[in-house]
Amino acid sequence: MNQMETTYKPRNIESKIYKMWEKGGYFTPPINYSKKPFVIIMPPPNANGILHIGHAVFVTIEDIMIRYHRMKGEPTLWLPGADHAGIMTQVVYEKELAKQGKTRFDLGRKEFYKQTYEFTMKNREIMENQLRRLGASCDWSGKKFTLESKISKAVYYTFKKMYNDGLIYRGERIINWCPRCKTALSDLEVKYENRSTKLTFINYPIEDSKDFITVATTRPETMLGDTAVAVNPEDKRYKNLLKKNIKIQLPLTNRLIPLVADERVEIEFGTGAVKVTPGHDPVDFEIGEQHQLPIIKIIDQGGKVTKEAGSDYAGLDVISCRKKVIEDLEKKGLLVKQEDYQHSVGSCERCQTIIEPLVSQQWFIRIKNLAEPAIKAVKQKKIKFIPDYFTKIYYNWMENIKDWCISRQIWWGHRIPAWYCECGEMIVDINSPKTCSKCKSSNLHQDSDTLDTWFSSGQWPFTVFSWPKKTEDYKYFYPTTVMETGWDILFFWVARMIMLGIYCTGKVPFKYVYLHGLVRDKDRQKMSKSKGNVIDPLGVVDLYGADALRMALVFGTSAGSDIIISEEKIIAHRRFANKIWNAARFILTNLSGDIDLLKIKREDLQFTKEDYWILSELNLTIEKIERAFQKFNFHQAAEEIYGFFWHKFCDKTIEDIKKRLRNGQNLQDKLTGKWILYHVLLVSLKLLHPFMPFLTEEIYQLLPAKPKKALIIEDWPK
RNA sequence: GGGCAAUUAGCUCAGUUGGUUAGAGCGCGUCGCUUACAUCGACGAGGUCGCAGGUUCAAGUCCUGCAUUGCCCACCA
């Protein structure tokens, strides 16, 4: 036996062990139809940067499950991949370009795509090696990327099918527009926060009268696009005016607009009268639809005021226009007052620019048709959420779901598979059509929009298995077993996977959804670079080892709740790693090579009371860990083996046997002691392996007698 | 406005079929170090389990109400 170092030095060991596993082919499961597989599709990390601590969380939790099930003898697949992460990657790469003083428009669509692709591939490789360093025992041989051609074809297949089924439509609707990214966003991609602003009260003169209607607004500049004023039909103040069918003189313009009645208007708020701008407000858009009001677009896609707003204002940005409108109203004596006001303002999730609601031509999914079966599947318990309370959150969202805008005006992503002919014909197909199906013209051009990233990642659990082809892999591994991810993407991703999974394959894509929380520091603060409280997972792996980090990430945490981590906690587990290492070192130096531990029979041993005690404690620990795994309580399992190993095995048994080996009366007693040490260590290594894979494998490899080639494929203790 | 959750030791958190002296890590105190342990061991201090009711032989655990905190969703002009 080699001389073991007196402390555990992860750096020397981890990469060697990982290579051994990879070379051994242990990560690739065999297809064995007599056995039910255990399958996790890894949430594909966005291939646009390096790993952060959140990635370490999913690696840890998923790898724990994977290693446990693999040791139980189940064909276990953990399939990795990478996500192109549409807008996010585009924003990141545009920042790279900005450093060179360039924009994407300087490069043009084709070149931009090419460069972003190269950038993504480079990051992807870095990221994959980082996952290896955390110990991820995933099947690299099957890795996928959302933009690779097979996956893209499957995504187009779904698009076409949904279009033919009438579930995808194209229409001119009001959407969330990011003036910086110059793209539409789905409702989920808009983040709201409270901001201080002014509520402006403006008098709108009534035609042929000296009276006014006073409206209150937070966006006075949009009045230039007003096409009505609305009041609640029950509002006594306005009932007479409504009857008279009056016209209102829109200030600063020469337009006359009607007064309409609409229940959406709250009597209590402001003056009870609302200016209606269907082109630039979602509620106003709905009011406009109902009352067939015209839409005037006074803000363009760059956030600038258009000619439609009048020559005095055209070309201004929104803020300047607001200032000028206020000044002009004041001059005319129509400005009543401005009050301080707090309300929530939406901004782009990726670049934080304030959202401009705009009317434009976009693609949408009629989502209710997909949501219904997705709700039903959960009600029928075909899918179970862990923790359970997410079931209600899921229902709450799914029952109030609205159509999903899936087109983006960005370049990085799957280009929408629709082609237009000059004759006005539109063709939706998987492959680029040669000629127009109506006029036979070959002059077709493809829709310039790309698909929302989540439309493709929503199909990830089956597109990775070459669906819609019914391959062996698809038949064997789909539906998958567990989807493990952060609860923050429950709606973005999990809900969409369930909807699209049922729609595309007729089956739920997974049976369990395990949702982990957000990582925070020991003061419960979100980790962010600006706060300087980030823990770089690779940095701590260098310092303390992957095993210590993994253990620190599961210990004392439970599904769904925030994960509190600090350097102190990681250090505590580095100490535990060292404890295991030294216990093993002590045991190994006492197991002389002349006895064949594997051949010893229990009947030949002379157990003491203490021996029976530790053996029964060991069995109890195995049972508790088993129960904890059944309930997805990984922290409990970790805490059980921690407590057992340190405070029972090390503190009691090893100390006891240490004395017996030194002063033991007879050989039989000493042999029994040695066997206990060996046996309990071996079983403990197995129980510890899902949590601390590197250290345990290294010790296993040093055992004088090992039943298998590697611990990773050992039999789980019963 | 609708919804979800949390409240347990100085700090950060576990405690999911209700059942013996409520646990861990870090921190704190005393002692020890005998050759596995840049440490470790032994012992210890510290909790009316947010508040008030209720169900029960038995409640941190179930029910009701209240308080405080956090989060999510929503068309707060």
Side-chain angles (χ1 to χ4, degrees), chain A residues 4-8 174 187-188 192 194 199-201 215-220 222 229-230 262 264-266 268-277 281-287 341-345 357 386-402 487-488 490-491 517-518 520-524 551-552 554-590 627-628 630-633 635-636 638-640 642-643 646-647 650-652 654-655 658-659 662 677:
Chain A
M4 287 171 79
E5 302 249 19
T6 54
T7 52
Y8 174 55
I174 194 152
D187 294 341
L188 282 177
Y192 289 89
N194 267 329
L199 188 61
T200 305
F201 291 75
V215 297
T217 178
T218 52
R219 299 202 55 189
T222 62
V229 169
D262 197 289
R264 274 165 280 231
V265 180
E266 273 182 54
E268 310 302 326
F269 190 94
T271 59
V274 189
K275 58 188 273 312
V276 182
T277 323
D281 183 280
V283 188
D284 294 6
F285 182 83
E286 282 177 26
I287 295 176
Y341 187 63
Q342 280 257 329
H343 79 148
S344 66
V345 177
I386 296 129
D388 188 48
Y389 63 76
F390 280 109
T391 314
K392 287 185 197 166
I393 295 174
Y394 170 84
Y395 290 147
N396 190 249
W397 189 72
M398 289 294 255
E399 280 157 7
N400 299 299
I401 201 163
K402 288 170 79 178
W487 60 255
D488 52 323
L490 174 62
F491 306 141
L518 216 68
R520 294 173 183 274
D521 72 8
K522 64 178 193 300
D523 303 317
R524 285 200 133 274
M551 202 63 172
V554 276
F555 227 75
T557 66
S558 63
S561 43
D562 291 341
I563 297 161
I564 311 292
I565 185 122
S566 59
E567 196 153 343
E568 291 80 17
K569 196 172 172 189
I570 301 166
I571 291 170
H573 289 285
R574 193 256 320 253
R575 263 184 225 135
F576 180 49
N578 203 46
K579 184 79 186 174
I580 299 167
W581 180 259
N582 272 291
R585 190 160 72 97
F586 173 78
I587 292 167
L588 291 178
T589 52
N590 280 289
R627 273 202 298 272
Q630 299 300 319
K631 294 181 196 158
F632 293 85
N633 279 339
H635 69 275
Q636 243 175 6
E639 285 160 30
E640 282 303 331
Y642 178 99
W646 197 321
H647 301 299
C650 290
D651 291 352
K652 304 264 174 6
I654 294 184
E655 290 305 321
K658 194 191 278 181
K659 286 180 205 128
R662 200 173 302 140
L677 291 180

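All chains are named by letter (A, B, ...) in the order of the sequence lines, taking the proteins before the strands, and each is independently numbered beginning at 1.
- Within 4.0 Å (heavy atoms only), A/Tyr8 reaches no atom of the nucleic acid at all.
- The same atom, C1', is picked in B/U69 and in B/U8; the two are 16 Å apart, to the nearest Å.
- Between B/A36 and A/Lys658, a contact under 4.0 Å exists linking OP1 or OP2 to a side-chain N or O.
- Across every strand in view, B/C4 sits in a pair with B/G70 that passes the Watson-Crick or G-U test at under 3.5 angstrom.
- Atoms CD1 and CG, from A/Ile287 and A/Asp281 in turn, are 8.0 Å apart once rounded to the nearest 0.5 Å.
- Side-chain atoms of A/Cys650 lie closest to B/A36 of the nucleotides B/A77, B/C4, B/A36.
- If you check every strand for non-hydrogen atoms under 4.0 Å, A/Asp562 touches nothing.
- Pairing of B/A14, defined by two Watson-Crick or G-U wobble distances under 3.5 Å, is not identified with any nucleotide.
- Residue A/Thr217 places its side chain closer to B/A77 than to any other of B/U39, B/C37, B/A77.
- For the pairing with A/Tyr389, the side chain to side chain contact (heavy atoms under 4.5 Å, CB included) check across A/Ile393, A/Ile386, A/Thr391 returns one residue only, A/Ile393.
- The distance from atom CG of A/Asp388 to atom P of B/A6 is 12 Å, rounded to the nearest whole Å.
- If you take CD of A/Glu640 and P of B/G23, they are 13 Å apart, rounded to a whole angstrom.
- Rounded to a whole Å, the CD atom of A/Glu268 is 13 Å from the P atom of B/G1.
- In this structure a side-chain-to-backbone donor-acceptor pair under 3.5 Å is missing from A/Asp187 to A/Lys402.
- Across B/A9 and B/A24, the matching P atoms stand 14 Å from one another, rounded to whole Å.
- Across all strands shown, A/Arg627 has no heavy atoms under 4.0 Å from either base or sugar-phosphate atoms.
- Between A/Tyr8 and A/Trp581, the ring planes lie tilted relative to each other; the angle falls in the 30° to 60° range.
- Listed pair A/Lys402 / B/C75 meets the phosphate criterion, a side-chain N or O lying under 4.0 Å from OP1 or OP2.
- Side-chain N/O atoms of A/Ser561 include one lying less than 4.0 angstrom from OP1 or OP2 on B/A14.
- B/U35 atom P lies 12 Å from atom CZ of A/Phe586, rounded to whole Å.
- Side-chain atoms of A/Arg575 and A/Asn578 form no donor-acceptor pair, as typed in the model, at a separation below 3.5 Å.
- Residue A/Ser558 places at least one side-chain N or O under 4.0 Å from the OP1 or OP2 atom of B/A14.
- Comparing B/A77, B/C75, B/C4 by their nearest atom to the side chain of A/Tyr389 picks out B/C4.
- Considering only side-chain atoms of A/Val283, the nucleotide from B/A36, B/G41, B/C75 that sits closest is B/C75.
- Residues A/Leu199 and A/Phe201 meet the side-chain proximity criterion, which asks for heavy atoms closer than 4.5 Å.
- Rounded to whole Å, the C1' atom of B/A36 lies 50 Å from the corresponding atom of B/U68.
- For A/Asp284 and B/C76, the CG to C1' distance is 13 Å, given to the nearest whole Å.
- Open room surrounds CD on A/Glu268; 12 or fewer heavy atoms of other groups in view lie less than 6.0 Å from it.
- For A/Phe269, counting side-chain heavy atoms from C-beta on, the closest listed nucleotide (B/C13, B/C76, B/G41) is B/C76.
- Side-chain atoms of A/Thr557 stay outside donor-acceptor range of the base of B/C13, with no qualifying N/O pair under 3.5 Å.
- On the P atoms, B/C71 is 30 Å away from B/G60, given to the nearest whole Å.
- Rounded to an integer number of Å, the gap from A/Asn578 CG to B/A38 C1' is 8 Å.
- Taking NZ of A/Lys275 as the start and CZ of A/Arg219 as the end, the distance is 8.5 Å to the nearest 0.5 Å.
- Place A/Asn633 and A/Phe390 on RNA chain B by their nearest nucleotides, and A/Phe390 ends up nearer the 5' end.
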Could I get a table of every N or O pair under 3.5 Å where one atom is in the protein and the other is in nucleotides 7-9 of chain B?
none

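- Between A/Pro220 and A/Thr200, the closest side-chain pair of non-hydrogen atoms falls below 4.5 Å.
- Nucleotide B/A36 holds its P atom 12 Å from the NZ atom of A/Lys659, rounded to whole Å.
- One finds the NZ atom of A/Lys579 at 15.0 Å from the NE2 atom of A/His573 (value rounded to the nearest 0.5 Å).
- A/Asp562 CG to A/Arg520 CZ: the interatomic distance, rounded to the nearest 0.5 Å, is 4.0 Å.
- Between the C1' atoms of B/G15 and B/A74, the separation comes to 36 Å (whole Å).
- Between A/Ile565 and A/Ala583, it is A/Ile565 whose nearest contact on RNA chain B lies nearer the 5' terminus.
- Separating the C1' atom of B/A14 from that of B/G25 is a span of 11 Å, rounded to the nearest Å.
- Residue A/Glu655 places a side-chain atom within donor-acceptor reach of the base of B/A36, judged by atom type and a 3.5 Å distance cut-off alone.
- Among the heavy atoms of the strands, none lies under 4.0 Å from A/Val215.
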Give me, pair by pair, the N or O atoms of the protein and of nucleotides 25-32 of chain B that are less than 3.5 Å apart, along with how far apart they are.
residue: B/C26; atom: OP1; partner: A/Arg575; partner atom: NH1; Å: 3.1

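- Separation of the P atoms belonging to B/G44 and B/G23 is 13 Å when rounded to the nearest angstrom.
- Applying the side chain to side chain contact (heavy atoms under 4.5 Å, CB included) rule to A/Ala638 yields the partners A/Met551, A/Val554, A/Phe555, A/Phe691; only residues at least two apart in sequence or on another chain are considered.
- Remark: the separation of the P atoms in B/G27 and B/C72 is 34 Å, to the nearest Å.
- Distances from the side chain of A/Gln636 to the nucleotides B/C37, B/G15, B/A77 place B/G15 closest.
- Taking atom CG of residue A/Asn396 and atom C1' of nucleotide B/C73, one finds them 6 Å apart after rounding to whole Å.
- A parallel orientation is assigned to the rings of A/Trp646 and A/Phe576, their planes being inclined by less than 30° (bins at 30° and 60°).
- Regarding contacts with the backbone of B/A24, every side-chain N or O of A/Trp646 stays at 4.0 angstrom or more from both OP1 and OP2.
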